[in-house]
S.K.: 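To start, I am sharing the structure in question, which I have written as C-alpha cells.
Letters A, B, ... mirror the listed sequences (proteins, then strands); counts begin at 1. Hydrogens, waters and symmetry mates play no part in the numbers below; they use all other heavy atoms, side chains included. Since we're looking at a predicted model, the values are computed, not measured.
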Protein chains: 2
Amino acid sequence: MNFSSITIKDIASALNLSVSTVSKALRDSYEISEKTKALVNEYAKEHNYRPNPIAQSLKQGRSKSIGIIVSTIENQFFSQVINGIESVAYEAGFNVIITQTHESYDLEVKNVGHLTHRSIDGLLISLSTETADLDHLRSLHRQGLPIVFFDRVAHDFETHKVIADNFKGGYDATRHLLDSGYRRIAHITSPPNISITKERYAGYQKALEDAGMAVHPDYVKHCAHGGRDIGEVENALNELLALDEKPDAIFTTSDRITTTTLYLLNKRQLKIPQEMALIGYTNTTLADVLNPSLSSVYQPGFEMGQKATQKLLEIILAKRPIYDFETMVLPTQLFTRSSTAPKN
Amino acid sequence: MNFSSITIKDIASALNLSVSTVSKALRDSYEISEKTKALVNEYAKEHNYRPNPIAQSLKQGRSKSIGIIVSTIENQFFSQVINGIESVAYEAGFNVIITQTHESYDLEVKNVGHLTHRSIDGLLISLSTETADLDHLRSLHRQGLPIVFFDRVAHDFETHKVIADNFKGGYDATRHLLDSGYRRIAHITSPPNISITKERYAGYQKALEDAGMAVHPDYVKHCAHGGRDIGEVENALNELLALDEKPDAIFTTSDRITTTTLYLLNKRQLKIPQEMALIGYTNTTLADVLNPSLSSVYQPGFEMGQKATQKLLEIILAKRPIYDFETMVLPTQLFTRSSTAPKN
DNA sequence: TTGAAAGCGCTACCAG
DNA sequence: CTGGTAGCGCTTTCAA
C-alpha cells in the first residue's frame, strides 16, 4: 500500500494529458511548454503529488539509499558518525539503512548481502573486529558498487577511506602518560588484525621509543571482540595485575574497553590514578562525570560521517568511473582529566 | 544497478521455461510439478538468485520494511530499543529504516512523510517532546498504515502501545529518596505534554502523598527539549538552587537531563548526595562508574523494542483489520547507588 | 510540443 | 501442469 499520494496517471487523466507529458513536465524537460509545466506542477502541488520512489528505483536501477555497516549503534562514537552521515545524505535526497555487525564476521557478510539485496546505491562500512577476509566486498566493488570505508578500514582495498589520526591518537595518549610521570604503560586494545589497532599501537610504540623505552610485550593485551564481552577485558586486566612488575598506567582503545576497564578498576577498588592511571579512546559525553573524570582521546565522529558520505556521494554521482582514491585523516582530540593526574 | 543477482527471466530462458512458471516454482506453487520446482530451485541456488525486492514492492504494494522514529539514537535507551526492534524485524524478514526527530515536531512530520513516501509497511514511533498535534499520523492511520507507539505515546490514539511502567518508575524513585531520608525532593523533567512526563510525575506525586507530603510547585521544572540543550537544564537547576528552601534531592527523567544534572552538580562542586542527592532515569551502562555512582530507574529498552515490533507485525500480517488494541506496560528496575546514600 | 509504447522484475489472472 | 499477458508507477525512446 502506498500512503503517500496520487500517481502520475491521476494527474494525466485529470488534466487530459498523457503520462509521458506529465512525467516530463514534472522533470522540467525542455520538450514541454511552459504552460503545460505550470499546469502540471500546480496540480501536482495542490494534490500533494510525490513520485513513488519504488517505481523510480525499479526503472532507474538506483534506489537513492545508502547502506551503513557499523559494529553497534549503542556505541556513541558510531551514533555520532551516523548522525554525520544522515546530515549529508538527507541533504542530497538519499536515505540510509543502518545495520550492525556486533563484531561478527558472519553478520557482516549477511548485512552486506541484505543491503545489496535492497539495492543500495553505495555502502559505508566500518569493518567488524572479526573480519579478515574481504571477498564479500571485493566482488561487489568490482561490479561497481561504490564503497567508502571509515574508522576501521582495509588498506589493501582501493577506494576512499576516512579515518581518524589513529597514530597520533595513540602517540598523544601515551606521551601524555609519560609526561605525567608514568613509566610502566600497558595497552589493552582490539584484535591486531583491524586497522585502528595497528595504527594506535604504532603511536603507542613510537611515544615509548621517543622516551627511550621499548614496548614490554606482556603489557599489550588484545580483546578478541573489542570489549564486547566483559570477560575478555577482565582477563586482560587480570593478566596485567598478575605481573611481577605491574603497570602503573593503562592506555585503552575503543569505548567498550575503556569504560569496562574503568568499571573493573573501580570494582577492584584500585585508586585511579594513584595505583593505576587510565586513558582511553571514548566518545562518551560522560567522560567528565565519570569516577574519576576520564582522560580520553576523542574522535570527530560526526565529521567522519559527513566526510565519508561526501566521498561516497562523489562516487555515486560521478559520470565516469573513479580510479583516484583518497584517504582522509581527521585529527583527534586529547582531553586530560583526573584519571591521569601527574604521578606523586 | 542491482548488485545482487540474476533475474527470473534469466532463469526462464536458461531453462527454457516461461517467467510465470519460474515465478510460481520459486514460490512453491501447487500448480507446478515437483520436477520443475527442483530444476528451477537448483538453478536458482546455483546462480545465487535473489528476488529483486524493489520489483516485489512495486508489484505487491508492500515493502517489507518498517519505519522507526525516535528522538535520537545517541541516547542509549533508544539504541537499545532499536536493537530489540531489529532482532524481531529481521527474524520476520523485515528491514528497518531509522529516523530521528531531535525532539523537533517539524522533523517528526518530515520523517513521517519521508517514511511513508518510501512505502513502509508499518511505523514504530516515540513522539518528540514538541509534538502536540497528531494529524500527521491520524490520516495515515485512517488510511490503514499500521502504527505502534512506544515509550512516548498518545493516549487518545487507538492503536497498540508499549510503554514502561512510568508511574511506578516515578513512584519508586521518589519513594527511595524518601526512605533514604530526603524530604525536599525536586523534579526536573521533560515538557508536560508528553505521556512519560505525566506518568512519572504522577508517581512522584503519589509517593509524596503517601508520605503525607504535597508537591511543592517550585520544585518541579520542565526542560522544553528534554535536556537536549544544556542551557535548559542549567536554568532549571539555577532556579532550584536559588530557592529559599533549597531541595535536598533531585529526581530527573530522561538520560540527557539526568546526566547533564550530574555534570552540573559536579561542576558546581556540590557534594552528592550530602548537599544534593540525585536519582534519575537513564539506561547508560555507565551508571556504576559515574561520580558518584548513580541511582537510577532503568527501562527495559531492548524488550520494549521487541514487544512493539511483535505488535506491529501482528497488524501488518493480519488478514483482517484489527480494532482491538492493547497497551503493554513493562516493568522498570530501580538501581540504588551512592548518589542517594541515606541522609546523615 | 505532445503522446504512444516499451520495459525495469515481479506476480497473478486466465487460457490452454 | 505450463505459458501468455497485463500491470504495479515511472522514465525514456521514438513518432507524430
S.K.: Taking CG from A:Leu58 and C1' from C:dG9, how many angstroms apart are they, rounded to a whole number?
M.R.: 6 Å

S.K.: Restricting to side-chain hydrogen bond (donor to acceptor under 3.5 Å, both in side chains), what partner residues turn up for B:Ser104, sequence neighbours left out?
M.R.: none

S.K.: Using a 4.0 Å cut-off on heavy atoms, which residues in residues 18-29 of chain A reach DNA chain C? List them by number, or say none.
M.R.: A:Ser18, A:Ser20, A:Thr21, A:Lys24

S.K.: Once you round it to whole Å, what is the distance between P of D:dT11 and CD1 of A:Ile32?
M.R.: 13 Å

S.K.: Taking all atoms of both residues into account, what is the closest heavy-atom pair of B:Ile194 and B:Ser128, and its distance?
M.R.: CG2-O, 3.7 Å

S.K.: In the structure I gave you, are the side-chain heavy atoms of B:Phe157 and B:Leu127 within less than 4.5 Å of one another anywhere?
M.R.: no

S.K.: Strictly by ring pair (Phe, Tyr, Trp, His ring centres under 6.0 Å), give each pair with a member in residues 56-96 of chain A just once, sequence neighbours left out.
M.R.: A:Tyr90-B:His114

S.K.: Given D:dC8, is OP1 or OP2 found less than 4.0 Å from the side-chain N or O atoms of A:Thr7?
M.R.: no

S.K.: Tell me which residues in residues 39-46 of chain B lie within less than 4.0 Å of DNA chain C, going by non-hydrogen atoms.
M.R.: none

S.K.: Between A:Lys24 and A:Glu31, is there a salt bridge with N-O shorter than 4.0 Å?
M.R.: yes

S.K.: Return the value, rounded to whole Å, for the distance between atom NZ of B:Lys37 and atom P of D:dC1.
M.R.: 8 Å

S.K.: Scan for ring pair (Phe, Tyr, Trp, His ring centres under 6.0 Å) pairs involving residues 23-43 of chain B, sequence neighbours excluded, and state none if there are none.
M.R.: B:Tyr43-B:His47

S.K.: With heavy atoms under 4.0 Å as the rule, sort B:Ser57 into base, sugar-phosphate or nothing.
M.R.: nothing

S.K.: Could you tell me the separation between the CD atom of A:Gln60 and the C1' atom of C:dC8, rounded to a whole number of Å?
M.R.: 10 Å

S.K.: Looking at every non-hydrogen atom in both residues, tell me the closest pair between B:Leu107 and B:Gln100 and how far apart they are.
M.R.: CD1-O, 4.3 Å

S.K.: From C:dC10, C:dC14, C:dT2, pick the nucleotide closest to the side chain of A:Glu31?
M.R.: C:dT2

S.K.: So, for B:Lys161 and B:His155, which heavy atoms are closest and what is the spacing to 0.1 Å?
M.R.: NZ-O, 3.3 Å

S.K.: Is a donor-acceptor pair below 3.5 Å formed from side chain A:Lys59 to base C:dG7, judging by atom type as modelled?
M.R.: yes

S.K.: Could you give the distance from NZ (B:Lys307) to CE (B:Met328), rounded to the nearest 0.5 Å?
M.R.: 4.5 Å

S.K.: Expressed as a whole number of angstroms, how long is the span from B:Lys9:NZ to C:dT11:P?
M.R.: 15 Å

S.K.: Return no unless some side-chain N or O of B:Thr36 is found under 4.0 Å from OP1 or OP2 of D:dC1.
M.R.: no

S.K.: Please give, in whole Å, the distance from D:dT11 P to A:Arg62 CZ?
M.R.: 10 Å

S.K.: Looking at A:Tyr49, I'd like to know whether one of its side-chain N or O atoms comes within less than 4.0 Å of OP1 or OP2 on D:dG9.
M.R.: no

S.K.: So what does B:Ile54 hit on the nucleic acid, given a heavy-atom distance under 4.0 Å: a base, only sugar-phosphate, or nothing?
M.R.: nothing

S.K.: How long is the line joining CG of A:Asp10 and P of D:dC8, in whole Å?
M.R.: 11 Å

S.K.: Mind checking what makes side-chain hydrogen bond (donor to acceptor under 3.5 Å, both in side chains) contact with B:Glu303, not counting sequence neighbours?
M.R.: none

S.K.: Answer with base, sugar-phosphate or nothing: what part of the nucleic acid does B:Gln56 contact at a heavy-atom distance below 4.0 Å?
M.R.: sugar-phosphate

S.K.: C:dG9 P sits how many Å from B:Ile8 CD1, rounded?
M.R.: 11 Å

